[in-house]
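Structure record follows, encoded as structure tokens.
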2 protein chains.
Amino acid sequence: MGRQPSAKPTSFDIAYLAGVSQPTVSRALRGSKSVSAATRANIQRIAQELNYTVDKNASSLRSQRTHTLALLFFEDPNPDESMINPFFLSMLGSITRECARRGYDLLISFQQMHNDWHVTYQDSHRSDGIILLGYGDYQLYLTKLEHLVEMGTKFVRWGSVSEDGIGLTVGSDNVGAGEQAGAHLVEVGRRRIAFLGDASDHAPEFQDRYDGLCRAMRAAGVEPDPALQRDAVSSEDSGYAAATSLIESGRSFDAVFAASDLIAIGAMRALAEAGLRLPQDVAIVGFDDIPAASQTTPTLTTVMQDMKGAGTLLVDALLARIDGRPVEQRVLPARLIKRQSTAV
Amino acid sequence: MGRQPSAKPTSFDIAYLAGVSQPTVSRALRGSKSVSAATRANIQRIAQELNYTVDKNASSLRSQRTHTLALLFFEDPNPDESMINPFFLSMLGSITRECARRGYDLLISFQQMHNDWHVTYQDSHRSDGIILLGYGDYQLYLTKLEHLVEMGTKFVRWGSVSEDGIGLTVGSDNVGAGEQAGAHLVEVGRRRIAFLGDASDHAPEFQDRYDGLCRAMRAAGVEPDPALQRDAVSSEDSGYAAATSLIESGRSFDAVFAASDLIAIGAMRALAEAGLRLPQDVAIVGFDDIPAASQTTPTLTTVMQDMKGAGTLLVDALLARIDGRPVEQRVLPARLIKRQSTAV
DNA sequence: CGCCATAGGGTATACGTATACGCATAATAT
DNA sequence: ATATTATGCGTATACGTATACCCTATGGCG
């Protein structure tokens, strides 16, 4: 039946073959400088030959470092439970790669917002640090964050960088992105610009985007009309509802800035059903540049965030915090992608 | 400065408080029947109170079981490296949840097809088993699979269930899905149906879909024309190229069955640019039901796979194999979603 | 030529858990 | 009544690594 799957070699096996003691093997492989170059090279060669890999469990047990990061998705308790926010998904790749590059494993965990705190607690024991991604009710979220801080857990989260300061935050330049979107809409001649997305402190990121929009409008000498803002969470249905409410209010508007692409897509449906022509009657800008944004009719102008940079930065920041190195909040640039929905 | 983050309690702490020995705590918590109900209840209560969690590293080290599954994405070495196949992403949620339900952790790892074997090898040491997801060159893939089998690694993969039998496979009923698509196209009056997607043994899943299509056509008394098949991998560009080649061949066709939605979307662009009306001149069916499929013009008829069931089944099958339980290959039903691109 | 610093590496041990044994007590069989 | 077995638990130990500490040769220095 072929050979045995040859029992996993240990550092003792290597040590024996190299004619040294086990600790020397450990030192050599971990890069301690108190082992001679020749010995180290020899040990590395033998390890390579035997396909030796350090036993993560033993190593972690001894050193009390897991070399693992946990990635927690906080989800809205929405009915469509199998759907994951496409935006976060596209960050996953870069986070994974960055972890691999740094020699860290990545543990994935999904969590309903309302869930037992217990799971998160466990995750904090299984990893050196936690990356938090999540839309949703920000207040609920905060209590969990405070709990984490209290426990001394290292973590970093994706979100609005401007606010409070619970823990370490990495995020896009939402204000700047909002400004870009606003400036572009003004440039194509729009003056009455509506905003769809929570502007309350339940959703700091959306709020930042709205602030940016207002800033751009004022810079162009246009005063934003608060009556043209409608709350919405990141889903098509919510966007549809918000746009419908806007239309039914009877107030005139010639552009819509949606706080996310999903909202924008729902809004486009509502606008089209109301007989409004896009972009002639109403120009529209979304946020996120999800794949569907280039498939809508008309194709959707939107803001693309630097997801690759985001993953790298999140991991970087978290590792810095874990190692006790100083780390400053950082903001990532975002870029406006112009498509048909704002074409003059 | 508040209290210390109170050192993590160990089984010894619990044992002391319960007035028993450490092994008894271990036995009680793991459900050994050689501990009395009263003692067990008491231990569990104390553990709960202290927020005790078993140290995974120590536990794994001792028992040689990691209680972790590794998820490996094999990617095409394509230029757009930050993009992950949206189809696999939607499976991630259900896999994660199923793992959590069974008390397993999930380790994520992306790999370029051409990468060093080393990474996969390591992953096989860090987990009890591996879940393999990947499109791409099937031959390259096979050599890696054989390597895994040789090492005695437990794994399960997503793919075409019909073929060879290297390892354990879970997949959709691609033949049946192809039949549904074909029957639908025939039903709306199409006779000259093109197929875009590799039909070689480099891509067994696509081949199955093609086989299903042919079967449905023959069942309706229509002989499929091999000249209407064009190779394509799962990307928009590839779909665009394949459709263009088809159009330029001058052969007449009144329908296209694309092996994936991305191919379909690329093909739609090519067809529209060639002045063909969809669906009047050419009806089109895709595969996967990615989010963008409902945003195209016209919206895309496609096949929806049971991704939630897929995740569950993959984890189930892998755990069965790990535990040495018997496990049969299983196939998941797929469902045709009818949209505008095939509306009569 | 003796003294000390340094490089290089060995010895002993701890990390927290799970399991093989052994040993009482109590329950049953003979 | 004694022999047998099951029940419930303690004792001892191993899993594979990393680190604190100790020891031995050198070489540099006065």
(Q) When you compare the side chains of A:Lys8 and A:Thr53, does any donor N or O come within less than 3.5 Å of an acceptor on the partner? (A)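 No - no donor-acceptor pair under 3.5 Å links their side chains.
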Categorize [X] for me: base, sugar-phosphate, or nothing, with a 4.0 angstrom heavy-atom threshold over every strand shown.
X	answer
B:Thr10	sugar-phosphate
B:Ser26	base
A:Thr24	sugar-phosphate
B:Gln64	sugar-phosphate
A:Thr39	sugar-phosphate
A:Ser36	sugar-phosphate
B:Val20	sugar-phosphate

Q | Outermost nucleotides of DNA chain C that come under 4.0 Å of a non-hydrogen atom of chain A | A |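 Contact span on the strand: C:dG8 to C:dG16.
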Q: Report yes if at least one side-chain N or O of A:Arg30 is closer than 4.0 Å to OP1 or OP2 of D:dT19; otherwise report no.
A: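 Result: yes.
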Q: Could you tell me whether A:Arg102 and A:Asp316 make a salt bridge, using a distance below 4.0 angstrom between a side-chain N and a carboxylate O?
A: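 A salt bridge is present here (some side-chain N lies under 4.0 Å from a carboxylate O).
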Q: Look at B:Lys154 together with B:Asp323 and state whether they make a salt bridge at an N to O cut-off of under 4.0 Å.
A: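 No.
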Q | Heavy-atom side-chain contact between B:Val170 and B:Gln329 under 4.5 Å | A |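 A side-chain contact under 4.5 Å is absent here.
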(Q) Is the shortest side-chain heavy-atom distance between A:Ile131 and A:Leu72 below 4.5 Å? (A)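 A:Ile131 does not reach A:Leu72 side chain to side chain.
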**Q.** Value in whole Å for how far the C1' atom of D:dT19 lies from CG of A:Leu61
**A.**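 Nearest whole value for this atom pair: 13 Å.
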Q: Provide the closest heavy-atom pair for B:Ile46 versus B:Ile14 in the form atom of the first, atom of the second, distance.
A: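 Closest heavy-atom pair between B:Ile46 and B:Ile14: CG2-CG2, 4.1 Å.
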Q: Begin from the C-alpha positions of B:Lys56 and B:Thr68 and carry the test side chain to side chain donor-acceptor pair (under 3.5 Å) through to its verdict.
A: CA-CA 10 Å; B:Lys56 275 238 354 163; B:Thr68 297; 3.2 Å; yes
Q. If you pin B:Val35 and A:Gln22 to their nearest nucleotides in DNA chain D, which one's is more 5'?
A.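 Here B:Val35 is the residue nearer the 5' end.
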Q: Would you mind telling me which residue lines up with the more 5' stretch of DNA chain C, B:Ser59 or A:Arg27, judged by nearest nucleotide?
A: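 It is A:Arg27 whose nearest nucleotide is closer to the 5' end.
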